[in-house]
Q: 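Starting off with a structure, shown below.
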Amino acid sequence: MQIGEAHVAVAGDGSKIVSGTDRVMTFGGREKAIIPSGASLTSDPVDLPVDALSHLSVSVYLPQETPLSTFHWDGKQTAYIGAGNQTTSEAFATTQTTDARILLTEILVDAPANDGAIVAIGDSITDGNGASLDTDNRWPDFLAERLVPKQMAVVNAGISGARLLDDAMGVKASARFSRDVLAQPGVKAVILLIGINDISWPGTPFAPEKSLPSFESLISGYLQLAAQAHAHNLSIVGGTLTPFEGALSGTPLDAYYTPEKEALRQKVNSWIRTSGAFDAVVDFDLLLRDPSHPTRLLPEFDSGDHLHPGDNGNRAMADAIDLNMLVKN
């Protein structure tokens, strides 16, 4: 893939950037670059001061037609697509928008005074599927706000549709843990919330021939991630799996919830709470469930699909995390 030119700036309203913040990006001192198939490309450092929780705009010019085979489809942030090389424009002339993240994988910030990072790894609930677009209302975003005074960052490693044991919409957590957690600079702790898709997908059009995973296989997967975290001196916080009765009902995924699947979720949650495998536990299930109907999300926390928390639910999830689990006083 050819990169004709790339710029980074502090983001303004919509497709605009903040005047005076535009910086050209170089790759080994050159403004043009080629990304080999299957590889990634890291730019040279860019001198651009930013505040905590800032938004950045990264503009990339592709001089050739460039079909995309991979992307982060549930980015929850508007990206702008236009004709020609507009990398130096302060207001992008848009022909198309998308809320998927394309091309850009991560931005590394040089923050000498920072005390490290927390990685939230999970599925669509961590990715922010039920959160409002362009509002930073995912639960890792709200957690990042709380950690600003602690000078700690939050990395969102949620992938919608992701599973613990199997590849599908993204690589299984047991295979991507090294890349998405252990390889991230300055990581101090990881919050793990994954497994509901392993339980709910079998028997739906997503996995029509798949049978329910065994309780033992799920526990083995969790134990492997805990062992990897501890081997790298990281704390790992386990999150209980959230209620999902009624999830996606009336759609082709109507079999997403069944009593058998619910029984497995309850068994897994009991193990997460009591096994001692994790350094700490956040009981997202207890937090988000309706006390009068515990297998369902509380309506005020429900995005409407009975699976993903909405903005209020995401805020509650972040607020429920005891920061002492993650950082030292």
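In this text, all values refer to a predicted model and were calculated from it rather than measured experimentally.
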Q: Within a strict 4.5 Å, meaning less than it, do heavy atoms of the E216 and I219 side chains meet?
A: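 They are not in side-chain contact.
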Q: Other residues, nucleotides and ligands only: do more than 12 of their heavy atoms fall within 6.0 Å of CD on Q151?
A: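 Yes, enclosed.
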Q: Between the side chain of K76 and the main-chain N/O of D136, is any donor-acceptor distance below 3.5 Å?
A: no
Q: Report yes if some heavy atom in the side chain of L288 is under 4.5 Å from a heavy atom in the side chain of P309; otherwise report no.
A: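 In short, these two side chains touch, coming nearer than 4.5 Å.
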Q: Determine the interplanar angle of the F244 and Y257 rings, folded into 0 to 90°, and report it as parallel if under 30°, tilted if 30 to 60°, perpendicular if over 60°.
A: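 Perpendicular, since the angle between the ring planes exceeds 60°.
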Q: Between T258 and K261, is there a donor-acceptor pair closer than 3.5 Å when you use the side chain of the first and the backbone of the second?
A: yes
Q: What verdict does the salt bridge (Lys or Arg N to Asp or Glu O under 4.0 Å) test give for D141 and R138, after you've listed the backbone C-alpha separation in whole Å, the side-chain angles of each residue and the deciding distance to 0.1 Å?
A: CA-CA 5 Å; D141 297 329; R138 315 162 191 86; 2.5 Å; yes
Q: Tell me if the CD atom of E260 is crowded by more than 12 foreign heavy atoms within 6.0 Å.
A: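 Counting neighbours around CD of E260, 12 or fewer heavy atoms of other residues, nucleotides or ligands fall under 6.0 Å, so no.
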Q: With hydrophobic residues grouped by side-chain heavy-atom distances under 4.5 Å, do I159 and L253 end up in a single group?
A: no
Q: Please identify which of these residues, N197, D123, D74, meets the side-chain hydrogen bond (donor to acceptor under 3.5 Å, both in side chains) condition with S160.
A: D74
Q: Got a sec, which hydrophobics cluster with Y80, joining ILVMFWY side chains under 4.5 Å apart, including via others?
A: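 For the cluster that includes Y80, the remaining residues are F92.
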Q: Any sub-3.5 Å donor-acceptor pair from T94's side-chain atoms to Q96's backbone N or O?
A: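 Not at all, since once roles are kept as given, no pair shorter than 3.5 Å links the two residues.
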Q: So, do I3 and I34 sit near enough that their side-chain heavy atoms are less than 4.5 Å apart?
A: no
Q: Flag the pair P36 / L41 as yes when at least one side-chain heavy-atom distance between them is below 4.5 Å, and no otherwise.
A: no
Q: When you compare the side chains of H7 and E5, does any donor N or O come within less than 3.5 Å of an acceptor on the partner?
A: yes
Q: Would you say T21's side chain and L48's backbone share a donor-acceptor pair under 3.5 angstrom?
A: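 No: the side chain of T21 does not pair with the backbone of L48.
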Q: Given 3.5 Å as the limit, does a donor-acceptor pair link the side chain of D279 with the main chain of V237, or not?
A: no
Q: Counting distance only, does the side-chain N/O of S54 pair as donor-acceptor with the main-chain N or O of V50 below 3.5 Å?
A: no
Q: For a quick test of reading the model, state the closest non-hydrogen atom pair linking L53 to E145 and the distance between them.
A: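 Scanning both residues completely, I find the closest heavy atoms to be CD1-CG, 3.8 Å.
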Q: Does H308 form a side-chain hydrogen bond (donor to acceptor under 3.5 Å, both in side chains) with S124? I'd like the steps, not just the answer.
A: CA-CA 8 Å; H308 301 100; S124 55; 2.7 Å; yes
Q: Between R146 (side chain) and A318 (backbone), is there a donor-acceptor pair under 3.5 Å?
A: yes
Q: Could you go through T78 and D99, starting from their C-alpha distance and side-chain angles, then the distance that decides it, and tell me whether this counts as side-chain hydrogen bond (donor to acceptor under 3.5 Å, both in side chains)?
A: CA-CA 5 Å; T78 302; D99 60 4; over 6 Å; no
Q: Start with the C-alpha gap between Q266 and E262, add the side-chain angles, then the distance that decides, and say whether side-chain hydrogen bond (donor to acceptor under 3.5 Å, both in side chains) holds.
A: CA-CA 6 Å; Q266 294 285 359; E262 174 62 24; 2.7 Å; yes
Q: Linking I/L/V/M/F/W/Y whenever their side-chain heavy atoms sit closer than 4.5 Å, directly or via other members, would V148 and V10 fall into one cluster?
A: no
Q: Could you check whether atom CZ of F71 has more than 12 heavy atoms from other residues, nucleotides or ligands sitting under 6.0 Å from it?
A: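 Atom CZ in F71 is not packed in, count stays at 12 or less.
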Q: Can you check side chain to side chain contact (heavy atoms under 4.5 Å, CB included) on T242 and I125, steps first, answer last?
A: CA-CA 9 Å; T242 55; I125 293 173; 3.3 Å; yes
Q: Classify the angle between the aromatic ring planes of F206 and W201 as parallel (below 30°), tilted (30 to 60°) or perpendicular (above 60°).
A: tilted
Q: Any idea which heavy atoms bring S19 and E90 closest together, and the distance?
A: OG-OE2, 3.4 Å
Q: Distance-only, no hydrogens or angles: does the S214 side chain make a donor-acceptor pair with backbone N or O of S217 under 3.5 Å?
A: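 Yes: the side chain of S214 pairs with the backbone of S217.
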Q: Would you find a donor on one side and an acceptor on the other, under 3.5 Å apart, between the side chain of T66 and the backbone of L62?
A: no
Q: I'd like to know if the side chain of T87 pairs up with that of Y61 as donor and acceptor (distance under 3.5 Å, no hydrogens or angles considered).
A: no
Q: At their closest point, which heavy atom of P213 faces which heavy atom of P202, and how far apart are they?
A: CD-CG, 4.3 Å
Q: Give the cluster check for L286 versus I272: same hydrophobic cluster or not, with ILVMFWY residues linked at side-chain heavy-atom distances below 4.5 Å.
A: no
Q: Is the closest basic N to carboxylate O distance between R23 and D47 below 4.0 Å?
A: no
Q: Side-chain donor-acceptor pair under 3.5 Å between D283 and T240, yes or no?
A: yes
Q: Crowded around D44 CG? As in, over 12 foreign heavy atoms under 6.0 Å?
A: yes
Q: Give every donor-acceptor pair under 3.5 Å between a side-chain atom in residues 170-195 and any protein atom, sequence neighbours left out.
A:
unit_1: K172; atom_1: NZ; unit_2: D167; atom_2: OD1; d: 3.4
unit_1: S174; atom_1: OG; unit_2: L164; atom_2: O; d: 3.4
unit_1: R176; atom_1: NE; unit_2: V171; atom_2: O; d: 3.2
unit_1: R176; atom_1: NH1; unit_2: A157; atom_2: O; d: 2.9
unit_1: R176; atom_1: NH1; unit_2: D180; atom_2: OD2; d: 2.7
unit_1: R176; atom_1: NH2; unit_2: G122; atom_2: O; d: 3.0
unit_1: R176; atom_1: NH2; unit_2: A157; atom_2: O; d: 3.2
unit_1: Q184; atom_1: NE2; unit_2: R179; atom_2: O; d: 3.1

Q: Might you point out which heavy atoms bring V24 and E31 nearest each other, and give the distance in Å?
A: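 Looks like CG2-CD, 3.9 Å.
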Q: Using modelled atom types only, decide if a donor and an acceptor are shared between the side chain of S270 and the backbone of K267 within a distance under 3.5 Å.
A: no
Q: To the nearest 0.5 Å, what is the distance between CZ on F278 and CH2 on W271?
A: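 The distance works out to 4.5 Å.
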Q: Are D302 and R296 ion-paired here, with the side-chain N under 4.0 Å from a carboxylate O?
A: no
